[in-house]
Amino acid sequence: MSEIPKAYEPATVETKWYEAWLQANCFQANPHSPKPPFSVVIPPPNVTGVLHLGHVLNNTMQDALCRRARMLGKEVLWLPGTDHAGIATQTMVERHLSKTQGLGRRDIGREKFLKAVWDWKEKHGNLIIRQLKRLGCSCDWSRERFTMDEDYSRIVLQTFVDFYKKGLIYRGWRMVNWCPASLTALSDEEVIMKACKSFLYTVRYEIVERPGTFLDIATTRPETLPGDTAVAVHPEDPRYGDLICLHVWRPFSRTSIPIIADSHIDKAFGTGVLKVTPAHDKADFEIAQRHKLDVLDVLHPDGTLNCPDVPRLDGLDRFQARKEAVKMLEESGALIKSDPYENNVGYSERADVPIETRLSEQWFLRYPAVQESLDAVREGSIRLFPPRWAKVYEHWMENLQDWCISRQLWWGHRIPAWYNKDGKIHVDLSPPADSENWEQDSDVLDTWFSSWLWPFATMDSATRSKFYPTSVLSTGFDILFFWVARMIMAGYELTGEKPFSNVIIHNLIRDSKGRKMSKTLGNSPDPLQLIDKYGADGLRFGLLRIAPTGQDIRFEEKQIEEGRNFANKLWNAARFRQMQGPSSPFPISLNHSELPDICIAITERFDRLHKRIALAWEEFRFHEIANTLYDFFWTDYCDRFVEAAKPHLQETTSSPREAILQTMDCVLSGILCLLHPLMPHITEELWRLLGFCGSDANFLLLTPLPVENSLPHVSEQEKERAITAIDRLYESIHAVRTLRAEFKIPSNKSVSLWIRPTTDWDSADQMAFKALTRAETLVSVSSAPKESAGTVTPLGEFFISLTGLVNVDSERRRLVNEITKVETEISKVKSKLGSQAFISNAPPAVVAEHRSRETVWEKKLEILRGYLASLG
RNA sequence: GCGCGAUUAGCUCAGUGGUAGAGCGCUUGCUUCACACGCAAGAAGUCACAGGUUCAAACCCUGUAUCGCGCACCA
């Protein structure tokens, strides 16, 4: 064993062990292993992405699960990879091209552009993979996949072809969500509704057949006016009944358009008259179909106006055009009023601009295996954690709309459909024989259309037969629809099985003020910097400790600092152990009579911890696991056990020392095992440094978890007794320490103590007691000594010598305070015991517990009153 | 509008019916031979509000308020 440095230095330790694990192929999954399988597929991050705290949290959870599974004797596969992130990556490369060469993608053509994207991916891609390694992720890197890999792409396209042939995929003219910035169609999920402050304009239209009479309509989008092909009223609206089938003059370009009746109109909204713009609104489009109205597209794909008939608007951006249109209406006197108004506008998730609803020809998918997917979650074959997400999932699944899967991009899986001059379509993996007469669809598939196949398309058949369905999927709630639900449907449709059994759904990490983290706010800390500062283990542990299930996390760097501090505490506890000499074999070989109570108590507490966190693992309660380990190690092991053990260790002889060392080794090695999934590097390092690895130098990573009973040869009653005894010991120590503090005796000054004992206690405990209260002497007395102050504890009354220190007034004040507190407790307990209902209805154990509480408090009160009386 | 969360110490949050907890911050004392990334002691709470169930409610039920999120929407 080499000597352990005073402060833990994560940087060197972490990289050293990560290298060692890789060297030894510890992360590689063997599909032919006889061990039971445990498998996870990583939610593939964008290939050009950068690690953020959300990734850290999500991947730490997965890593912890995988490492725990290894220690439980499972054959573990954690399959990593990245996705191609169509829009995001393409936009990034386009921006780069235009900055460096002043060229757009159309200037260089599809082939050259795609080469540029691949170059970009080779150069800048996979940074995030390196970052995951720095975090300590135990992925099987030999199986890393990318959604644009050849094999993977073939499966994506094959799925498209098969679904087309089954009739699940079709092509059609539909109203779709159009992003004028990215110039592509989007799915409904990629549109985010935002409340926007705008104006509701009331515009006056003259009735063609009745010159001089007018109809007022309310609109938020006057710039689309040239695209109006009707105005509509409710058929039962008495105000307008006589106008139906007449016409109004559209202000610009001035044309007569019909007044129609449609029950979609809300009589109560605005003036109860709707301007119908079929090309730019879903509801209007439906009205137009019902009434066979013309569809007049007045917008270019980029959101500029396309209306040569109205030169003042033609070519303007839609928002400028709105202002201009308002001006034109004002000038003509057609604008009655404009009221400030808040309405919801759909924004493109990626580009953060308002989308346009637009008629275009796209590919759509009817979701498959919907019922099976619904039932799987309802019946618990797939379990969501926390379970309340099931309701959200169900609601979405029950209101499915066909999925627009084509994107007007170049970076992605190109749609395997070819068209000829006669309007025929050929859908297959390869083009028709006379390919010169056919042209391939220029669009690509939505990225999610490839990632919904991720749990099985990443696996070869041997891997699949061992590891599919996967055990757990861990992801953020924000992609429950985008990804999780779709994977379930794809799984059932294409493999006949669920893709995973458990889904961990975690919430967002926000900044300390509760705001979303974003680049523009600059409130998103760089995880790599945090790792440099606090270590990967510190970051992992700090983050897991504050990750409650189902609630957003407020991030503060302080919490990561605590993670580091905990690592340092662990380090120093190990260092302390090392200073006592070589580690002993475990489990504990000493028999019961040779073990002091502190040893039995701490091992029993460890066993209870072990059982408790096993339950927490079952339900993925990571914060509970981390917090429970933290509390046990810091409070029970370090502050109590080690401190109480110190005086015994200073004795060079015999059995108490040996018992303490064996106990330390048992608990320390156990805690390293339990902590390893959360803090892999430091625990592996200490495992080695303390010699727990044995002569074969086995990795902790591959060490089975210890059994849950560290002291099988000690009876349960004995353990319970030891725990009670030790609790009383610490309670008494605490009381004496408080007494010291009340009399302002500095921690480094020793005192003389007297005790009027109420129980026997053994010499081992007395030693610990004296050390922890800094008592030079501890002498039994039969009554309170002169010039002393006393405190009542479970072990008896303790008196502290205060020669020259007693201040009668302050002592009286202290006792009165104490007495008041005790009286409050007594009155609470008495009021309960005074109730006949309580006595007769409460469980006997509870009543007995209250009775004993009453006696203890009353006894204490009596003694304290005695002290007060003796002050005179 | 429908649905889902949250409301506990100055801050961040644990706490599934029986004596209100932790970390941070604050106050005080400690260079105690593992650790100042530490040790010890302390102050600090109408458990959002109103009802109800129960011998007993921070906890279960009903309602209200406030904040947050999701879905659907009237142009």
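Residue numbers begin at 1 in each chain, while the letters A, B, ... track the order of the sequences. Model, not experiment: these values are computed from the prediction.
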- Within the modelled atom types, does a donor on one side and an acceptor on the other bring the side chain of Gln580(A) and the base of A34(B) under 3.5 Å apart? no

- For Gln559(A), which contact category applies under a 4.0 Å heavy-atom criterion: base, sugar-phosphate, or nothing? sugar-phosphate

- Query: So is Arg545(A) actually on top of Tyr630(A)'s ring, under 6.0 Å and inside 45° of the axis?
  - Reply: yes

- Task: Between G23(B) and U31(B), how far apart are the P atoms? Round to whole Å, please.
- Result: 23 Å

- Query: Donor-acceptor pair, Asp284(A) side chain versus His280(A) backbone, under 3.5 Å?
  - Reply: no

- Flag side-chain contact, heavy atom, 4.5 Å: Pro278(A) against Thr229(A): yes

- Message: Any base atoms under 4.0 Å from Asp639(A), or only sugar-phosphate, or nothing? Heavy atoms, all strands.
- Response: sugar-phosphate

- Item | Spacing between Asn177(A) atom CG and A72(B) atom P, to the nearest angstrom | 11 Å

- Report the distance from atom CG of Asp552(A) to atom P of G68(B), rounded to the nearest whole Å. 12 Å

- Only residue of Asp537(A), Leu686(A), Leu629(A) satisfying side-chain contact (heavy atoms from CB on, under 4.5 Å) with Leu675(A) is Leu629(A)

- For atom C1', what is the distance between C39(B) and C33(B), given to the nearest Å? 14 Å

- What is the nucleic acid contact for Asn748(A), judged by heavy atoms within less than 4.0 Å: base, sugar-phosphate only, or nothing? sugar-phosphate

- Do the side chains of Leu274(A) and Ile287(A) get nearer than 4.5 Å, heavy atoms only? yes

- Query: Atom CZ of Phe566(A) and atom C1' of C37(B): how far apart are they, to the nearest Å?
  - Reply: 13 Å

- Message: Without decimals, in angstroms, what is the distance between Asp281(A) CG and C74(B) C1'?
- Response: 11 Å

- Query: Distance between the C1' atoms of C67(B) and A48(B), in whole angstroms?
  - Reply: 11 Å

- Query: What is the distance, rounded to the nearest whole Å, between atom CD of Glu398(A) and atom P of A72(B)?
  - Reply: 14 Å

- C1'-based separation of G15(B) from U7(B) [nearest Å]: 15 Å

- Query: Atom CG of Leu508(A) to atom C1' of C4(B): distance rounded to whole Å?
  - Reply: 16 Å

- In whole Å, what separates the P atom of C49(B) from that of A41(B)? 32 Å

- Could you tell me whether a side-chain N or O of Arg740(A) sits under 3.5 Å from a main-chain N or O of Thr773(A), the two making a donor and an acceptor? yes

Can you give each donor-acceptor pair under 3.5 Å made by side-chain atoms of residues 265-273 of chain A, sequence neighbours left out, with the distance rounded to 0.1 Å?
residue, atom, partner, partner atom, Å
Asp266(A), OD1, Ala268(A), N, 2.9
Thr271(A), OG1, Asp216(A), O, 2.5
Thr271(A), OG1, Val273(A), N, 3.4

- Of the candidate nucleotides C69(B), U32(B), A41(B), which contains the atom at the shortest distance from the side chain of Phe477(A)? C69(B)

- Message: Among U32(B), C71(B), A34(B), which nucleotide has an atom closest to any side-chain atom of Arg774(A)?
- Response: U32(B)

- Query: Reckon Trp396(A) has a side-chain N or O less than 4.0 Å from the OP1 or OP2 of C2(B)?
  - Reply: no

- If every non-hydrogen atom of Ile257(A) is compared with every non-hydrogen atom of Asp228(A), which pair is closest and at what distance? CG2-O, 3.9 Å

- Of A75(B), A34(B), A14(B), the nucleotide closest to the side chain of Ala573(A) is A34(B)

- Query: Closer to the 5' end of RNA chain B via nearest nucleotide, is it Thr219(A) or Arg388(A)?
  - Reply: Arg388(A)

- Message: Categorize Tyr341(A) for me: base, sugar-phosphate, or nothing, with a 4.0 angstrom heavy-atom threshold over every strand shown.
- Response: sugar-phosphate

- Item | Nearest non-hydrogen partners of Lys516(A) and Arg510(A), listed with the distance | N-NH1, 3.6 Å

- Message: Using heavy-atom distances to pick each residue's nearest nucleotide on RNA chain B, tell me which of Arg564(A) and Phe481(A) is more 5'.
- Response: Arg564(A)

- Hey, is the side chain of Lys391(A) pairing donor to acceptor with the base of C4(B) inside 3.5 Å? no

- Message: One thing to verify: whether Arg621(A) and Glu619(A) come together as a salt bridge, which I'm taking to mean a side-chain N less than 4.0 angstrom from a carboxylate O.
- Response: yes

- Query: From U12(B), C37(B), C30(B), pick the nucleotide closest to the side chain of Asn568(A)?
  - Reply: C37(B)

- Query: Do Lys194(A) and Val345(A) have side chains that get closer than 4.5 Å, going by heavy atoms?
  - Reply: no

- Query: Can you name the closest pair of heavy atoms from His506(A) and Gly54(A) and give their distance?
  - Reply: NE2-O, 4.5 Å

- Query: Side chains of Gln836(A) and Ile839(A): does their closest heavy-atom pair fall under 4.5 Å?
  - Reply: yes

- Item | Euclidean distance for C1', A65(B) against G17(B) (whole angstrom) | 26 Å

- Message: Strictly under 4.0 angstrom, non-hydrogen atoms only: write out the protein contact profile of nucleotides 55-60 of chain B, one letter per nucleotide from the 5' end, B, S or -.
- Response: BS----

- Test item: side-chain donor near acceptor, Arg814(A) and Asn817(A), under 3.5 Å: no

- Query: Looking at the side chain of Arg510(A), which of G18(B), C69(B), C35(B) is the nearest nucleotide?
  - Reply: C69(B)

- Message: For Trp403(A), does the six-membered ring have the charged nitrogen or CZ of Arg486(A) within the cation-pi criterion, i.e. under 6.0 angstrom from the centroid and within 45° of the normal?
- Response: yes

- Message: Tell me whether the side-chain N or O atoms of Lys282(A) pair up with the base of A75(B) as donor and acceptor below 3.5 Å, since no angle test is needed here.
- Response: no

- Task: Name every residue in residues 221-232 of chain A that has at least one heavy atom under 4.0 Å from any atom of RNA chain B, in order of residue number, or write none if there are no such residues.
- Result: none

- Item | Value in whole Å for how far the P atom of C4(B) lies from CD of Glu394(A) | 12 Å

- Query: Taking atom P in both U64(B) and C2(B), what distance in whole Å separates the two?
  - Reply: 11 Å

- Message: Less than 4.0 angstrom from a charged side-chain N to a carboxylate O is my criterion; do Arg612(A) and Glu624(A) meet it?
- Response: yes

- Any Lys828(A) side-chain N or O less than 4.0 Å from OP1/OP2 of A20(B): yes

- When Watson-Crick pairs (N1 to N3 and N6-O4 or O6-N4) and G-U wobble pairs (N1-O2 and O6-N3) count only below 3.5 Å on both distances, what is the dot-bracket string of RNA chain B, with | for other-strand pairs? ((((((((.[[[[.)..(..]]]].(((((.......))))).....[[[[[..)....]]]]])))))))....

- Query: Less than 4.0 Å between a side-chain N and a carboxylate O, is that true for Lys860(A) and Glu823(A)?
  - Reply: no

Identify all pairs in which a protein N or O lies below 3.5 Å from an N or O of nucleotides 42-45 of chain B, and state each distance.
residue, atom, partner, partner atom, Å
G42(B), OP2, His734(A), NE2, 3.4

- Task: Flag the pair Arg221(A) and Glu223(A) as a salt bridge only when some basic side-chain nitrogen lies within less than 4.0 angstrom of an acidic carboxylate oxygen.
- Result: yes

Detail all sub-3.5 Å separations between protein N/O atoms and N/O atoms belonging to nucleotides 23-26 of chain B.
residue, atom, partner, partner atom, Å
G23(B), O2', Glu562(A), OE1, 2.6
G23(B), O2', Glu562(A), OE2, 2.4

- Query: The side chain of Met579(A) lies closest to which of these nucleotides: C74(B), A34(B), C30(B)?
  - Reply: A34(B)

- Are the side chain of Ser852(A) and the backbone of Glu849(A) linked by a donor-acceptor contact shorter than 3.5 Å? yes

- Query: What integer distance in Å separates Lys744(A):NZ from C30(B):P?
  - Reply: 12 Å

